[in-house]
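For reference, the structure is listed below as structure tokens.
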4 protein chains.
Amino acid sequence: MGTKKRRAQEKQIRLNQILDAARKLLFSDGIGNISISKIARQAELGVGTIYFYFKNKEEIFVALQEEGLALFYDIITKINQTPLACDEKLKQIGTAFYQFSQEYKDYYDIINYFLSSSKEFFEPQLKNKIDMSGSKILSLIENVIVRGIEDKTFHKEDAKKYAILFFGALHGMIQLKKLERTALGGANHKRLYEYSINKLVQGLIP
Amino acid sequence: MGTKKRRAQEKQIRLNQILDAARKLLFSDGIGNISISKIARQAELGVGTIYFYFKNKEEIFVALQEEGLALFYDIITKINQTPLACDEKLKQIGTAFYQFSQEYKDYYDIINYFLSSSKEFFEPQLKNKIDMSGSKILSLIENVIVRGIEDKTFHKEDAKKYAILFFGALHGMIQLKKLERTALGGANHKRLYEYSINKLVQGLIP
Amino acid sequence: MGTKKRRAQEKQIRLNQILDAARKLLFSDGIGNISISKIARQAELGVGTIYFYFKNKEEIFVALQEEGLALFYDIITKINQTPLACDEKLKQIGTAFYQFSQEYKDYYDIINYFLSSSKEFFEPQLKNKIDMSGSKILSLIENVIVRGIEDKTFHKEDAKKYAILFFGALHGMIQLKKLERTALGGANHKRLYEYSINKLVQGLIP
Amino acid sequence: MGTKKRRAQEKQIRLNQILDAARKLLFSDGIGNISISKIARQAELGVGTIYFYFKNKEEIFVALQEEGLALFYDIITKINQTPLACDEKLKQIGTAFYQFSQEYKDYYDIINYFLSSSKEFFEPQLKNKIDMSGSKILSLIENVIVRGIEDKTFHKEDAKKYAILFFGALHGMIQLKKLERTALGGANHKRLYEYSINKLVQGLIP
DNA sequence: CATGAATGAGCATTCATTCAT
DNA sequence: TATGAATGAATGCTCATTCAT
């Protein structure tokens with residue numbers, strides 16, 4: 001059985017090797033400039049090897065997206081573990097989302113890549129897997145809201161739905177960043193975003 | 001001087017010819033599969049001719065995006081002209097946005113293309129032009145809110161900011177469509193969207 | 001006859017207009033980036049108009065080349081008019097050639113363009129015209145040498161041939177500029193060039 | 001390990017296949033008319049394959065240039081190995097250069113292509129590699145001069161510098177070929193070239 | 001398991017030149 | 001004279017994927 005185990009480990013090592021390379025390229029060249037052969041070169045592996053571990057270029061992207069989501073999940077988990085009041089937690093989660101989109105721009109890009117693409121990607125199972133990463137995030141937010149309802153910080157509300165609205169709305173607001181200097185009429189985007197957080201949290205307060 | 005005029009008309013005709021071709025391809029092949037040579041073939045023109053009328057592939061996309069924005073603007077203008085109450089208007093605008101994203105999926109895609117791309121597109125002037133189309137939409141929404149505040153349907157609020165939040169949030173919600181069967185936990189996306197509209201309008205009601 | 005004259009003048013004006021534009025582009029964008037339509041745009045004329053005045057893109061280049069040659073001729077004419085000794089004159093002409101290739105890099109490029117191209121350009125008459133500009137330069141150098149021979153600064157020599165050698169050799173030396181940091185083994189190119197001038201002049205001294 | 005070796009050999013074969021095609025095109029169509037797709041077609045390979053073996057179009061040109069330089073180096077090496085006197089050797093090298101520029105016109109063109117282009121080509125390492133081929137040639141000439149100085153055929157002189165002058169000057173003289181029937185005033189170019197060789201060698205003789 | 005050579009359609013863009021008006 | 005619309009071949013280059021070894 002030791003062999004089997006070792007095999008599995010080696011497989012994992014290769015997998016990481018590839019993802020390390022892909023991540024590096026993601027952060028150095030941006031999502032639009034990643035190619036399989038670049039990844040192969042960076043990982044010091046053959047192109048074919050990449051295809052042995054990943055069916056697709058997209059599958060690699062998915063893995064990176066999951067990394068990004070996991071990272072964001074970690075961030076908001078920390079917020080959730082603080083002894084802050086629920087409304088405050090929610091605000092901090094919102095702010096963290098913005099920061100994440102700026103600091104980990106490339107992770108955000110790759111998440112956005114899947115979200116905004118009009119194509120339907122991957123087979124259901126794969127899709128499931130990814131979305132579950134998103135689910136965890138939504139669940140956490142939902143949880144904060146539930147707690148808030150429980151301790152009367154928030155009024156009664158469909159926590160799940162509101163969590164989705166909260167996340168979706170802020171995601172949409174981030175997208176408007178580009179318009180800062182034009183359609184937004186010069187309004188400071190960051191400020192606008194904070195305004196949005198506040199409104200969304202207010203919407204929960206009795 | 002008739003010649004001059006006719007020339008200008010002919011030029012306009014060609015321009016439309018090209019945009020017709022591009023639009024057709026947009027709707028048939030999707031934004032990711034439009035290439036200049038395809039457009040040329042579709043328009044029965046030489047590749048060079050396309051470049052005579054448009055500096056860029058992107059410039060064509062911009063034109064199409066403007067079409068989409070104009071179309072959406074028309075739709076919500078009609079809503080605005082009804083004698084509905086402001087809150088109701090706002091809701092209908094929200095719903096119209098959703099419908100637009102479904103019925104004119106490709107126009108929505110192209111708008112999304114510019115919005116979600118991490119690249120900074122086009123020179124400032126061009127950018128301005130496009131964003132101004134967006135501005136009109138935001139202004140209209142803002143206007144509805146202002147009226148609502150005036151007639152006490154809505155409480156006092158920074159109408160401009162709220163308009164942006166309204167639009168941005170709904171835009172973000174539309175993006176989540178993909179997650180319908182997974183991260184959203186089976187929640188019906190359309191219903192979720194309507195829920196969001198309601199919450200956003202409620203946020204304005206005293 | 002006034003009409004005829006005026007016509008001719010107008011033609012000259014247009015011609016200059018075009019050359020002005022071309023020259024401007026030569027100096028701003030470099031010889032490799034001049035296109036007829038760019039020239040047309042710069043000159044605020046139609047593309048067709050350019051073709052009315054010049055049969056060819058190359059014909060425009062020829063005109064610019066002549067300008068360059070004329071300019072260089074002016075420079076060395078001034079040197080020739082000084083009361084310097086012939087050997088000194090020759091040296092200064094050599095130095096001036098180098099300076100010309102650096103300061104009027106683009107003129108030099110265009111001269112080089114014709115000289116180093118393996119293609120045979122233009123019909124004989126045109127060719128003649130251009131080369132005559134070169135002839136004048138060679139004649140001037142020849143003249144300096146002749147004077148030098150007359151006043152015994154130089155020993156007897158085929159002045160014409162030596163003039164060509166002088167010019168050709170220095171032209172060749174300028175070409176080696178690129179190799180400064182490699183094949184030339186770090187030898188300073190400018191110094192090398194001056195060394196060459198000296199050797200070439202010494203070759204004339206008894 | 002035989003496999004590895006064979007692989008390498010096959011790779012070399014492909015490389016030659018490509019260079020053969022490129023050389024053929026160079027000689028048939030001239031340097032200005034070589035395109036990657038032409039090379040691919042000629043070599044009966046896919047375009048991508050070319051790019052697998054050469055990063056660049058320029059890299060192929062460089063390879064061809066090196067071929068040319070190596071060929072010329074071989075020629076003058078043979079001259080150097082004869083028991084001729086140094087001055088005679090130098091003259092023969094000069095003559096060989098002329099012959100090379102005529103017989104291997106296309107190789108000469110490609111060398112000229114890099115030398116006369118105003119663009120700075122390739123990354124330093126590549127540049128180094130090429131120029132070293134030139135260096136070898138210059139070194140050989142230098143060597144002949146050094147020997148001449150040693151055996152008193154030549155007077156004392158900076159051999160390195162003079163070698164460069166010798167080569168550069170003759171290179172420049174070759175460029176003037178075009179002017180044979182015009183600016184050179186009908187002087188026979190070949191004769192002129194030989195005159196130049198003589199003068200340059202005389203410059204070394206006490 | 002791993003390799004890496006091979007593919008070839010595809011891409012955006014440029015440009016000299018022509019010609020009907 | 002002057003225009004400028006139209007052309008379309010040509011260019012260098014990329015890249016996901018396959019498959020024989």
Side-chain angles (χ1 to χ4, degrees), chain A residues 7 10-11 14 32-41 43-60, chain B residues 3-4 6-8 10-11 13-15 18 33-41 43-60, chain C residues 7 10-11 14 32-41 43-60, chain D residues 3-4 6-8 10-11 13-15 32-41 43-60:
Chain A
R7 292 271 205 173
E10 275 169 7
K11 193 159 181 173
R14 278 269 184 275
N33 295 298
I34 301 179
S35 79
I36 292 288
S37 45
K38 269 190 194 174
I39 294 173
R41 216 173 306 132
E44 296 183 309
L45 289 169
V47 188
T49 312
I50 310 290
Y51 276 91
F52 183 79
Y53 289 93
F54 293 91
K55 213 182 89 250
N56 246 336
K57 189 183 165 180
E58 232 105 60
E59 236 182 33
I60 299 176
Chain B
T3 312
K4 213 173 175 180
R6 186 157 42 79
R7 290 267 208 176
E10 276 169 7
K11 198 159 178 174
I13 287 169
R14 275 271 182 274
L15 231 117
I18 293 168
N33 295 296
I34 301 179
S35 79
I36 292 288
S37 46
K38 273 189 189 176
I39 294 173
R41 218 174 302 131
E44 295 184 307
L45 290 169
V47 188
T49 311
I50 309 294
Y51 278 91
F52 184 78
Y53 287 92
F54 293 90
K55 214 182 91 247
N56 248 336
K57 187 185 168 182
E58 231 103 63
E59 234 181 34
I60 298 178
Chain C
R7 292 269 205 175
E10 277 169 6
K11 195 160 181 172
R14 278 270 183 274
N33 295 298
I34 301 180
S35 78
I36 292 288
S37 45
K38 269 190 194 174
I39 295 173
R41 217 174 305 133
E44 297 183 309
L45 290 169
V47 188
T49 312
I50 309 291
Y51 276 91
F52 183 79
Y53 289 94
F54 294 89
K55 211 182 93 251
N56 245 335
K57 189 184 165 179
E58 233 105 59
E59 238 182 32
I60 298 177
Chain D
T3 313
K4 213 173 175 178
R6 186 159 40 79
R7 289 267 207 177
E10 276 169 7
K11 198 159 179 174
I13 288 170
R14 275 272 182 273
L15 231 117
N33 296 297
I34 302 180
S35 78
I36 293 288
S37 46
K38 271 189 190 174
I39 295 173
R41 218 174 302 131
E44 296 184 305
L45 290 169
V47 186
T49 310
I50 310 293
Y51 279 93
F52 185 78
Y53 288 92
F54 294 90
K55 214 180 89 248
N56 250 336
K57 188 186 168 179
E58 231 104 63
E59 233 180 36
I60 298 177

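Just so it is clear: chains get the letters A, B, ... in the order the sequence lines come, proteins before strands, and each one is counted from 1.
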Consider the side chain of [X], meaning its heavy atoms from C-beta on, and name the nucleotide among [options] that approaches it most closely.
X	options	result
Ser35(D)	dA6(E), dT11(F), dA2(F)	dT11(F)
Tyr53(A)	dA16(E), dA16(F), dA2(E)	dA2(E)
Asn56(A)	dT11(F), dT17(F), dT7(E)	dT17(F)
Lys57(B)	dA2(F), dT13(E), dT17(E)	dT13(E)
Val47(D)	dA12(E), dT14(F), dT18(E)	dT14(F)

Distance (rounded to the nearest 0.5 Å) between Ile60(D) CD1 and Ile50(D) CD1: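 Result: 6.0 Å between the selected atoms.
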N/O donor-acceptor pair under 3.5 Å between Lys38(A) side chain and Asn33(A) backbone: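 Checking the backbone N and O of Asn33(A) against the side chain of Lys38(A), a donor-acceptor pair under 3.5 Å is found.
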Please report, rounded to the nearest Å, how far the [atom2] atom of [N] is from the [atom1] atom of [X].
X	N	atom1	atom2	result
Ile50(D)	dT14(F)	CD1	P	14 Å
Lys38(A)	dC13(F)	NZ	P	15 Å
Lys11(B)	dT3(F)	NZ	C1'	12 Å
Tyr51(D)	dA16(F)	OH	P	17 Å
Arg41(A)	dC15(F)	CZ	P	9 Å
Glu59(D)	dG12(F)	CD	C1'	14 Å

Just to be sure I understand the rule, does [X] reach a base, reach only the sugar-phosphate, or reach nothing, if contact means heavy atoms closer than 4.0 Å?
X	value
Ile36(C)	base
Phe54(C)	nothing
Ile34(C)	sugar-phosphate
Thr49(A)	base
Phe52(C)	sugar-phosphate

Position toward the 5' end of DNA chain F (nearest nucleotide), Gly32(A) or Asn33(D):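 With Gly32(A) and Asn33(D) compared, the 5'-side residue is Asn33(D).
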Strand partner of dA20(E), provided both Watson-Crick or wobble distances fall under 3.5 Å: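 Pairing partner, where one exists within any strand: dT3(F).
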Check against side-chain contact (heavy atoms from CB on, under 4.5 Å), Phe54(B) and Ile36(B): CA-CA 10 Å; Phe54(B) 293 90; Ile36(B) 292 288; over 6 Å; no
dA6(F) OP1/OP2 closer than 4.0 Å to side-chain N/O of Arg14(B):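 So the side-chain polar atoms of Arg14(B) do come within 4.0 Å of the phosphate oxygens OP1 or OP2 of dA6(F), strictly under.
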